[in-house]
Amino acid sequence: MSAAKANSLRSGPDERGRFGIFGGRFVAETLMPLVLDLEKAYSDAKADPAFQAEIDFMQRDYVGRPSPLYLAERLTEHFDGAKVYLKRDELNHTGSHKINNCLGQILLARRMGKTRIIAETGAGQHGVATATVCARFGLPCVIYMGTTDIERQKPNVFRMKLLGAEVIPVTSGTGTLKDAMNEALRDWVTNVESTYYLIGTVAGPHPYPAMVRDFQSVIGQETRQQMMEREGRLPDSVVACIGGGSNAMGLFHPFLDEPSVKIYGVEAAGRGIETGEHCASLKGGAPGVLHGNRTYLLQDDDGQIKDGHSISAGLDYPGIGPEHAWLHESGRAEYVSATDREALDAFQLCSRLEGIIPALEPAHALAFVSKIAPKLPKDHLMVMNMCGRGDKDVFAVADHLGVTL
Amino acid sequence: MTTRLDKRFSRLKAEGRAAFVTFITAGDPDAELSFSVLKGLPGAGADVIELGMPFTDPMADGPAIQASSQRALRSGATMLKTLELVRRFRETDNETPIVLMGYYNPIYHMGVETFLTRACEAGVDGLIVVDLPPEEDDELCVPALKAGLNFIRLATPTTDDKRLPAVLANTSGFVYYVSITGITGSASPEARNVAESVARIKRHTSLPVAVGFGIKTPEQAADIARAADGAVVGSAIVDAIAREIDANGAIKSGAAERVLAFVRSLADGVHHARAAAAE
């Protein structure tokens with residue numbers, strides 16, 4: 001390895017798909033040739049300027065990028081500390097950052113000649129984004145979604161159906177995101193010839209964690225440029241919520257080699273990490289192997305996977321992207337957590353002060369911002385990724401607040 | 001070194017018949033019935049036993065084996081209890097090979113070296129770990145071979161001739177050919193396609209080739225036994241176990257005997273397959 005590369009935190013993964021010990025390709029033999037094909041197809045596409053040009057065009061005219069970097073004046077005033085900017089990825093078409101990745105992958109699936117798309121979804125944001133690009137490019141779309149999540153994310157289920165997707169309820173396990181992912185893998189192993197598995201987060205077998213990160217890195221690249229234009233310097237800290245960790249990885253990656261930028265990932269502490277009912281894989285889990293990669297997982301003494309709990313369906317996953325596991329162990333990023341209650345408070349605060357109803361996922365990030373921003377100097381530039389809007393959550397939030405709609 | 005698997009397959013070859021390979025999940029539906037079935041399998045005609053290590057997220061398995069894993073875990077199955085079943089089995093049977101089959105995480109969590117030591121002590125002969133392709137051989141495959149265990153790899157319809165050598169490189173004991181692209185217990189394979197695929201694999205290896213996924217009846221088992229060195233039946237046996245649980249979740253009396261009678265009917269299919277073909 002060259003000296004320049006040895007100093008970079010942005011050169012991973014290695015040729016085996018590893019970030020340190022994390023990542024890899026832990027899949028059944030039936031899938032292994034497909035995973036190798038995908039790796040090759042993606043590396044060819046990455047080197048093809050026409051592919052990037054197509055993504056750029058669609059990002060601008062279809063998704064609405066770049067998303068604004070918005071100075072949240074009233075939150076800043078309220079915290080009376082750090083200057084808080086919101087990266088407005090909730091303004092994207094479909095209402096979250098998920099579309100960034102879906103667009104890249106659907107264009108890749110087309111290049112590969114695949115004729116059917118499958119995906120898993122938790123909160124339904126990735127399902128909606130996948131159904132959207134499938135509608136746009138005329139490909140049949142099957143979305144696996146746990147029955148628990150279907151119940152708490154009804155608007156998104158209907159949205160997917162309107163977009164022409166077939167939503168298949170998954171009853172196994174606790175009917176949440178991990179079970180949906182198991183079922184999607186079972187579909188893929190059965191329909192290997194025709195089907196492209198459009199994974200929604202920076203997890204799964206190599207090359208997914210790196211590929212999804214690359215497609216999401218537009219968030220951090222824009223942030224960097226916008227902050228330079230606005231303040232003439234880099235931010236002092238960046239903050240994002242983490243389920244699988246795709247919005248966070250997209251924000252963090254362009255800043256990994258900038259030691260002056262502090263990086264915070266916010267996991268879902270559910271009812272509190274001490275209660276055991278949470279989704280904080282790094283804080284409350286241990287390294288293990290699931291869904292094609294080695295990473296931190298919620299598991300018991302026997303290596304059985306435990307179901308997480310979070311008020312947010314999008315964070316309700318017992319694992320985390322392998323690159324986050326590596327950034328955690330290397331200390332480059334700091335991983336913290338916010339509880340259901342703290343997220344609900346932040347959800348309401350943001351709605352009232354900024355006129356922005358956040359999704360429950362970034363409400364976790366905001367909950368952490370509300371803890372540290374008041375302690376920081378006024379010239380501290382903080383960017384939080386507002387990765388999704390809260391329309392989908394209003395029913396669930398009303399329920400938690402004891403309001404009947 | 002010659003393992004129980006090697007000895008068993010060479011004996012069967014000398015006898016001119018195919019191996020009947022049975023799968024059950026350890027601790028399904030509870031430790032006692034599971035042990036009774038396990039202990040009775042050789043007598044019911046099983047030549048090789050695959051014992052499933054229960055896992056919460058069996059991604060390559062269909063509904064039957066998923067449910068069996070859940071039943072086992074609900075009744076308190078753990079990796080240590082799975083190994084204990086093997087140890088008890090070995091008290092009275094030192095010849096029938098036992099292959100543990102499952103997923104990597106519970107092994108990784110126990111620690112590879114600890115697991116291998118305990119598996120060898122218990123009397124395990126081989127491992128099939130679904131989510132460890134040859135690309136990850138240094139994780140468990142290489143240490144397992146060093147510890148004297150066989151590492152049985154799955155080959156599938158998507159494993160082409162270019163990839164087969166890599167898949168077979170560290171495989172020992174036998175090759176498990178997955179006859180369909182899909183999960184366990186789903187569509188049944190066409191015997192003719194299976195024969196062609198087995199021939200293709202045999203051009204690359206001298207190891208016995210056993211075929212599984214989707215074999216449900218004695219007739220299908222017999223068809224496969226004519227085409228391959230072994231026929232693997234899992235979901236159908238696991239379903240037979242599921243039928244022994246009543247509406248209240250209690251195990252019916254005489255459960256083990258009925259499950260083993262079903263196993264016997266499959267074994268007869270396999271064992272008489274070639275004799276019938278020769279007539």
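Every chain is numbered from 1 and lettered A, B, ... according to where its sequence line falls, protein lines coming before strand lines. Given the structure is predicted, the values throughout are model-derived calculations rather than measurements.
Proximity to chain A is limited to the backbone of D61(B), based on heavy atoms less than 4.5 angstrom apart. Residue contact with chain B, scored on non-hydrogen atoms closer than 4.5 Å, involves the side chain of Q299(A) exclusively. With a 4.5 Å cut-off on non-hydrogen atoms, D307(A) does not touch chain B at all. Proximity to chain B involves both the backbone and the side chain of P287(A), based on heavy atoms less than 4.5 angstrom apart. When heavy atoms are compared at a cutoff of 4.5 Å, V129(B) does not approach chain A at all. Looking at I107(B), neither its backbone nor its side chain comes within 4.5 Å of chain A, counting heavy atoms on both sides. D187(A) does not touch chain B: none of its heavy atoms, backbone or side chain, sits under 4.5 Å away. Of the atoms belonging to A77(B), it is backbone heavy atoms, and not side-chain ones, that fall under 4.5 Å from chain A.
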Verify side chain to side chain contact (heavy atoms under 4.5 Å, CB included) between N105(B) and Q304(A), making sure each step is shown before the conclusion. CA-CA 8 Å; N105(B) 196 56; Q304(A) 306 296 337; over 6 Å; no
Should L36(A) and R163(B) be marked as a side chain to side chain contact (heavy atoms under 4.5 Å, CB included) after you check the CA-CA gap, both sets of side-chain angles, and the distance that decides it? CA-CA 11 Å; L36(A) 294 173; R163(B) 186 170 163 76; 3.6 Å; yes
Start with the C-alpha gap between T181(B) and V189(A), add the side-chain angles, then the distance that decides, and say whether side chain to side chain contact (heavy atoms under 4.5 Å, CB included) holds. CA-CA 6 Å; T181(B) 57; V189(A) 88; over 6 Å; no
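Between the OG atom in S186(B) and the CZ atom in R186(A) there is a gap of 11.5 Å [rounded to 0.5 Å]. A distance of 10.5 Å separates CG in D301(A) from OG1 in T78(B), rounded to the nearest 0.5 Å. Atom CG of D57(B) and atom CG of N182(A) lie 4.5 Å apart (nearest 0.5 Å). Distance check, rounded to the nearest 0.5 Å: CE of M32(A) to OG1 of T156(B) gives 11.5 Å. Rounded to the nearest 0.5 Å, atoms OH (Y108(B)) and CG (L297(A)) are 9.5 Å apart.
In terms of heavy-atom pairs under 4.5 angstrom with chain B, the leader among G17(A), P33(A), A184(A), G24(A) is P33(A). The greatest number of non-hydrogen atom pairs below 4.5 Å with chain B, out of A28(A), G292(A), A286(A), P205(A), is found for A28(A). Your options are L80(B), T159(B), D160(B), and the one with the most heavy-atom pairs under 4.5 Å with chain A is T159(B). If you tally non-hydrogen atom pairs under 4.5 Å between each of V192(A), L185(A), I305(A) and chain B, the highest count goes to I305(A). Chain A forms more heavy-atom pairs under 4.5 Å with one residue of A155(B), A60(B), P58(B) than with any other, namely P58(B). Between chain A and the options M110(B), Q70(B), Q66(B), the largest number of non-hydrogen pairs under 4.5 Å is found for Q66(B). Chosen from I183(B), L154(B), T158(B), the residue pairing most often with chain A at heavy-atom distances under 4.5 Å is T158(B).
For the pair V178(B) and E29(A), the minimum side-chain heavy-atom distance is 4.5 Å or more. Between F55(B) and D302(A), every side-chain heavy-atom pair lies at or beyond the 4.5 Å cut-off.
Judged by distance alone, with hydrogens and angles left aside, the side-chain atoms of R16(A) form a donor-acceptor pair with the main-chain N or O of E135(B) at under 3.5 Å.
A salt bridge is absent between E136(B) and R294(A); no separation between the charged side-chain nitrogens and carboxylate oxygens falls under 4.0 Å. The pair R25(A)-D131(B) fails the salt-bridge criterion, with no side-chain N (NZ, NE, NH1 or NH2) lying under 4.0 Å from an Asp/Glu carboxylate O. A salt bridge links E139(B) and R18(A); the closest N-O separation between the charged side-chain nitrogens and carboxylate oxygens is under 4.0 Å.
Of all heavy-atom pairs between K178(A) and T56(B), the closest is NZ-O, 4.4 Å.
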